[in-house]
Amino acid sequence: MLVVSLLIALLFLGLFLWASKSGQFDDDYTPSVRILFDDEVKNIDHKHGSTKV
Amino acid sequence: MKPTCFHCGDQLGFRPILYKEKSFCCSGCKSVFQLLSSNDLVDFYKFERSPGTKPVQTTNDKYAFLDIPEIKKRYVKFEDEQLIKVVLKLPNIHCSSCIYLLENAHKIEKNIVTSQVHFTKKEASITFKKEHLPLSELALLLDNLGYPPNFQEQNSSAKSNHNFLLRIGIAGFAFGSIMLWSFPEYTGIGKQNLDIRAFTSWLSFAVSVPVLLISAREYYVSAYKALRSHHLNLDVPISLGIIALYSQSVYSIINQEGPGYMDSFSGFIFFLLIGKWFQNTTYQSLTFDRDYTSYFPVAVRVLVDKKEEILPIEKIEIGDIIRIRNQEIIPCDTVLLNTESIIDYSFVTGESSLIYKYKGEELYAGGKIMGNIAEMEVKRKSDRSHLTQLWNESLHNKNKTQKIRYQDKISALFLYTVLIISAIAAIVWATIDPQMILKVVVSVLIVACPCALALSTPFTYGNAMRKMGSLGCYLKNIDVVESMDGITAIVFDKTGTLTDPQQMEIIPSGEEVSIEAQSILFEMTGSSTHPLSAALHRFLANENLDFIAFKSFKEHVGKGIEVSTGNDDYQLGNAAFTQQGNHNNNELFFTKNGITIQKYVFKSQFRSDIKSLLSRLHKTKNFVLSGDTDTDLPSLLEIGFKKENIYFLQSPTLKHTFIQNLQSKGEKVMMLGDGLNDASALAKADIGIAISEDMFKFTPSSEAILDAKKLNKLDDFIAISKFSRLVLKICLGFSILYNLTGIIIAVSGMLSPLIAAILMPLSSITIVLLSTSLIFIRFRSLKN
């Protein structure tokens with residue numbers, strides 16, 4: 001039980017650190033706007049839309 | 001409401017450009033619309049109303065310097081054989097439409113592969129094919145779209161932020177886990193199963209080690225530094241408490257008495273770091289600490305063997321011949337080689353008039369060339385120039401007077417009280433039960449750890465800072481909130497601060513002007529970019545004017561315009577140009593065949609509500625410093641300044657000394673200014689506030705940036721700062737109350753991990769709620 005709780009907590013810690021490293025908390029505004037643009041996509045290559053960091 | 005430009009939202013002149021049933025204020029805006037609509041990007045206009053920025057005409061080789069490898073590499077983040085990725089600062093990014101346009105830039109220029117906007121930093125990272133698109137052309141494209149990149153300012157890295165999140169993450173993880181494992185201890189069933197108890201204790205110990213070593217490290221470092229320089233800050237009692245807490249816990253784990261205070265320990269650190277995080281989140285896109293380099297160009301045209309070459313500014317040597325073009329800034333102290341040049345020094349001296357310089361005269365760095373290309377010989381390098389020296393000197397002075405925070409003042413008192421209480425407790429317990437002495441002393445130190453006290457300042461001032469930010473006043477850090485409260489004197493710059501540079505009052509004199517002449521004047525001024533022309537153009541606009549074609553048109557930059565209709569010659573310009581009487585900077589003459597038809601006098605207009613602001617600022621001494629002559633004296637007196645507090649003809653150095661003199665009389669000075677001419681005074685003042693029409697354009701280094709439209713709310717900002725001082729005192733009172741309760745329990749020898757685990761979060765949460773609610777409720781009526 002205790003070990004399981006430790007493992008779960010460690011998992012979350014790892015996820016948090018990974019998220020902060022990969023820049024998820026860097027910009028908390030742009031993605032909220034960007035998500036609105038995809039509606040009108042007709043012939044843009046999705047890869048070139050907005051992903052890639 | 002007057003009709004506005006479909007692209008940029010500016011008011012339309014009386015003769016707008018019509019295109020596809022939409023009206024535009026200028027051909028620049030129309031051409032951006034054309035470009036977007038031909039590339040299927042009209043959605044740009046759907047997200048916001050008139051989201052565009054009016055593009056300014058540029059020369060095609062404006063960004064040629066970017067193709068020099070050593071300059072280019074400053075902006076490159078990644079490069080391979082085909083692709084290159086750059087990060088550019090685009091200060092004009094301001095709305096969701098901007099994000100849409102920039103992230104779809106590949107539709108306009110097929111060599112752009114991807115582009116991604118970082119809105120809060122106002123940056124775009126763009127990947128493009130380097131073979132087909134040089135960086136200079138990319139910059140030009142962005143400029144033409146209305147987003148001129150800023151190459152002067154280097155991009156800040158976000159690395160420290162990651163590090164900080166890591167420390168919070170570790171502390172939070174440990175706090176949650178240890179509390180969970182300590183649960184049996186809280187309920188009292190822990191003692192029934194000693195194996196599990198030993199296991200959880202050691203597990204807690206293992207988890208707490210990274211908290212001690214990584215998360216809490218900055219507190220010991222800060223405490224050590226403070227002790228070494230013989231003064232006390234709040235980190236000293238915090239470190240003492242942490243150490244007491246941790247050693248007591250380790251002792252109890254080794255002796256198999258349960259996990260001790262490990263939960264409180266990690267909780268302490270977690271809350272403290274949250275407080276720090278709260279006070280550190282600042283305005284990413286604003287820069288408060290600009291130095292002179294962000295004002296000077298990145299590269300300069302230099303004559304080498306009679307050929308023009310572009311060199312990075314650091315490579316300019318004394319004796320080099322440099323060429324500066326219209327609207328460009330002189331980067332170093334030089335001697336003019338041209339026969340004549342016109343220079344705009346308004347940003348350096350605060351004087352709004354243009355200055356004429358002749359061959360062989362010295363030109364100081366910081367002036368802007370108006371008109372023809374000027375050739376000059378370098379006398380002093382950029383970092384040794386007159387302007388730079390002034391700048392560095394004032395910044396140097398600033399660092400000496402480091403502010404001592406209110407919380408640090410009381411922390412010394414706090415520490416001594418705690419030490420005395422522990423000593424008395426130790427003596428008393430020595431007579432009752434000597435075995436209890438160590439436990440009681442450690443307990444007192446643990447419970448006196450000023451966690452809530454340490455949270456009071458960041459949360460109170462952090463909330464005040466956010467409130468001010470939402471009202472248009474952006475502070476550099478929370479210390480500014482505290483120092484704003486004690487201000488006794490306010491010094492205003494006149495030009496650009498009290499006056500609105502975009503509003504001019506125009507007083508015409510002379511006989512009635514015919515419609516024909518008015519139409520001619522309207523056409524003349526419409527083609528010129530000079531600020532006085534533009535103001536006159538707006539002033540003249542009305543429906544009766546006709547369109548008149550000119551036979552010839554010639555603009556003499558900085559002097560005037562001459563046109564010919566075939567029958568008559570018209571001139572508009574200053575007194576010297578039109579040969580009409582004495583030169584005065586605020587006058588324009590309009591002549592027909594050499595005879596004056598009209599004289600226009602331009603007067604600066606003061607911002608609205610300055611008068612009522614001054615009547616509300618009656619507790620402070622209010623001064624005006626102006627670089628100009630005393631023409632505005634009557635208006636300043638009318639507004640409410642006292643005659644003895646108005647000073648004219650103030651150079652940057654005089655402004656600096658003025659602030660210094662006030663300070664030596666014991667005044668706490670707040671200075672409000674807008675240009676480089678105020679930079680040194682802003683740096684000298686206890687609080688320097690840069691007034692800005694556009695938050696993200698250049699402002700001199702300062703403690704705060706204030707939206708020019710919000711200048712009339714200055715008294716509100718001071719009120720917020722005063723009130724937050726009161727809130728801080730209330731919070732400190734509460735946290736001391738909690739500490740006192742804890743100390744009473746500790747002295748009586750009854751402190752247990754459970755009590756600490758309740759007391760610590762309770763006190764911290766009280767402080768957070770109290771500071772937030774008090775400030776937001778008190779100022780809820782103030783809205784943007």
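Naming: A, B, ... by sequence-line order, numbering from 1 per chain.
Between A:Val33 and the choices B:Cys98, B:Cys95, B:Ser96, the side chain to side chain contact (heavy atoms under 4.5 Å, CB included) rule is met once, by B:Ser96.
Between A:Phe16 atom CZ and B:Ile170 atom CD1 the span is 10.0 Å, to the nearest 0.5 Å. Of the inter-residue distances, the one linking B:Phe164 atom CZ with A:Ser20 atom OG reads 12.5 Å to the nearest 0.5 angstrom.
For A:Leu6, the parts lying near chain B are the backbone and the side chain together; criterion is any non-hydrogen pair under 4.5 Å. Residue A:Leu10 touches chain B through both its backbone and its side chain, counting heavy-atom pairs closer than 4.5 Å. Using a 4.5 Å cut-off between heavy atoms, B:Ile99 contacts chain A through both its backbone and its side chain.
Heavy-atom neighbours of B:Tyr186 OH from other residues, nucleotides or ligands within 6.0 Å: above the threshold of 12. With a 6.0 Å radius and a threshold of 12 heavy atoms from other residues, nucleotides or ligands, B:Gln82 has its CD atom at or below the threshold. For B:Glu131, the CD atom sits in a loose shell: 12 or fewer heavy atoms of surrounding residues, nucleotides or ligands are nearer than 6.0 Å.
Near-neighbour residues of residues 202-215 of chain B relative to chain A, defined by a heavy atom under 4.5 Å from a heavy atom of that chain, comprise B:Leu203, B:Val207.
Taking 4.5 Å as the limit, every side-chain heavy atom of A:Lys21 sits out of range of all side-chain heavy atoms of B:Leu165.
Closest heavy-atom contact between A:Thr30 and B:Val117: CG2-O, 3.2 Å.
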